[in-house]
Amino acid sequence: MVGPGVATECVETKDGLHIWEDHFYPEVIDPETGAVLPDGELGELVFTSLTKEAFPIVRYRTRDLTRLLPGTARSMRRMEKITGRTDDMIILRGVNVFPTQIEEQLMTVPDLSPHFQIELTRPGRMDEMHIHVELAEGALAKPIHVSHVLKGLVKSHVGITVKVHVAEPGGVPRSEGKAVRIVDNRPKG
């Protein structure tokens, strides 16, 4: 939008980014309907430039998911830490799921490495999520045990049932550049 940025952390409170509301008008919207949400609600961050004259930006959709919060040491509103992106969102049987939610649960299992890939399939009428993970180097737990642990964590914290496939270290595909976290093998159309 403009360098050096649209927000900065307050040196006194260090409690999140305060948005430069004298230059930008922030909104949080429902990513599906575009309806403006009240402060404190999770949604997609949208900016409108107020002082840019040559190339104004009106309701620029960032695709970042966050909340607008009241200011603390400054009068300008804060934005909460970005929790995901709308273009990463998976809708699985009516539940919005973000890869970061799966990653959070994966990171709590010490016998698993941080490498994972989500595969979406539709073998019948219902979508399924398969999570491909790998054992950490030197892991002592059996793959079946680790699979059950991760399944349980995802069910209790994310609210969906998944199938977990545990490979040996190095068994999850790596990619050059940005990691490919989602492989959508559902039929198109």
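Position 1 is the first residue of the sequence, and the numbers go up from there.
A donor-acceptor pair under 3.5 Å is formed between the side chain of Arg78 and the backbone N or O of Pro70. Within the 3.5 Å criterion, the main-chain N or O of His130 finds no donor-acceptor partner in the side chain of Glu119. Checked by atom type and distance alone, the side chain of Lys14 never pairs as donor or acceptor with a backbone atom of Glu12 at under 3.5 Å. A distance-only check finds a donor-acceptor pair linking the side chain of Glu21 to the backbone of Arg77 [under 3.5 Å]. Ser156 places a side-chain N or O within donor-acceptor distance of the main-chain N or O of Gly152, the cut-off being under 3.5 Å. Looking at Arg61, its side chain never comes within 3.5 Å of a backbone N or O of Gly34 through a donor-acceptor pair. In this structure a side-chain-to-backbone donor-acceptor pair under 3.5 Å is present from Glu44 to Arg63.
Rounded to the nearest 0.5 Å, atoms CG (Asn185) and CZ (Arg122) are 11.5 Å apart. Remark: Ile82 CD1 to Leu65 CG distance equals 9.0 Å, nearest 0.5 Å. The distance from the CZ atom of Phe55 to the OG atom of Ser49 is 9.5 Å, given to the nearest 0.5 Å. Distance check: Gln117 CD to His132 NE2 gives 6.5 Å after rounding to the nearest 0.5 Å. If you take CG on Leu150 and CG on Asp111, they are separated by 12.0 Å, rounding to the nearest 0.5 Å. With values rounded to the nearest 0.5 angstrom, Thr8 atom OG1 is found 11.5 Å from Ile19 atom CD1.
Criterion: ILVMFWY side-chain heavy atoms under 4.5 Å apart, direct or through other members. Under it, Val162 and Val149 are part of a common hydrophobic cluster. Note on Leu120 and Val154: same hydrophobic cluster, where clusters join Ile, Leu, Val, Met, Phe, Trp and Tyr whose side-chain heavy atoms are under 4.5 Å apart, directly or indirectly. Connection of Met89 to Val158 is not established within any shared hydrophobic cluster, with ILVMFWY side chains joined at heavy-atom distances below 4.5 Å, either directly or through further cluster members. Cluster annotation: Ile118 and Val95 are assigned to the same hydrophobic cluster (Ile/Leu/Val/Met/Phe/Trp/Tyr, side-chain heavy-atom contacts under 4.5 Å, transitive). Hydrophobic clustering (side-chain heavy atoms under 4.5 Å, transitive across Ile, Leu, Val, Met, Phe, Trp, Tyr) groups Ile182 together with Ile160.
A heavy-atom distance below 4.5 Å is not found between the side chains of Asp30 and Glu41. In this structure the side chain of Ile102 reaches within 4.5 angstrom of the side chain of Met129, judged on heavy atoms. A heavy-atom distance below 4.5 Å is found between the side chains of Leu17 and Glu9. Leu106 places none of its side-chain heavy atoms less than 4.5 Å from the side chain of Leu153. Here the side chains of Val28 and Arg67 are not in contact, with every heavy-atom distance at 4.5 Å or above. Between Lys163 and Thr121, the closest side-chain pair of non-hydrogen atoms is not below 4.5 Å. Two residues are said to be in side-chain contact when any heavy atoms from C-beta on lie closer than 4.5 Å; Thr48 and Arg59 meet this criterion. Side-chain contact between Thr72 and His18 is present, with at least one heavy-atom pair separated by less than 4.5 Å.
Between Phe24 and Phe47, the angle of the ring planes goes over 60°, which puts this pair in the perpendicular group of the 30/60° scheme.
Contact between Gly170 and Glu134 at its shortest, heavy atoms only, is N-OE2, 3.1 Å. Heavy-atom minimum distance, Phe116 versus Val133: CB-CG1, 4.0 Å. Heavy-atom minimum distance, Leu37 versus Gly43: CD1-CA, 4.0 Å. The minimum heavy-atom distance linking Pro169 with Ala136 is given by the pair CG-O, 4.0 Å. Listed here is the closest heavy atom pair of Gly171 and Ala167: CA-CB, 3.9 Å.
Cation-pi geometry between Arg85 and Phe98 is not met at under 6.0 angstrom from the ring centre and within 45 degrees of the axis.
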**OP:** Start with the C-alpha distance between Leu68 and Leu45, add both sets of side-chain angles, then the distance that settles side-chain contact (heavy atoms from CB on, under 4.5 Å), and finish with yes or no.
**Re:** CA-CA 9 Å; Leu68 290 178; Leu45 184 62; 4.2 Å; yes
**OP:** Report the C-alpha separation of Arg181 and Glu103 in whole Å, then their side-chain angles, then the decisive distance to 0.1 Å, and conclude whether the side-chain contact (heavy atoms from CB on, under 4.5 Å) test is met.
**Re:** CA-CA 10 Å; Arg181 294 286 190 217; Glu103 185 176 29; 4.2 Å; yes
**OP:** Let me see the working for Ile131 and Gln105 under side-chain contact (heavy atoms from CB on, under 4.5 Å), right down to the final yes or no.
**Re:** CA-CA 12 Å; Ile131 303 173; Gln105 301 315 311; over 6 Å; no
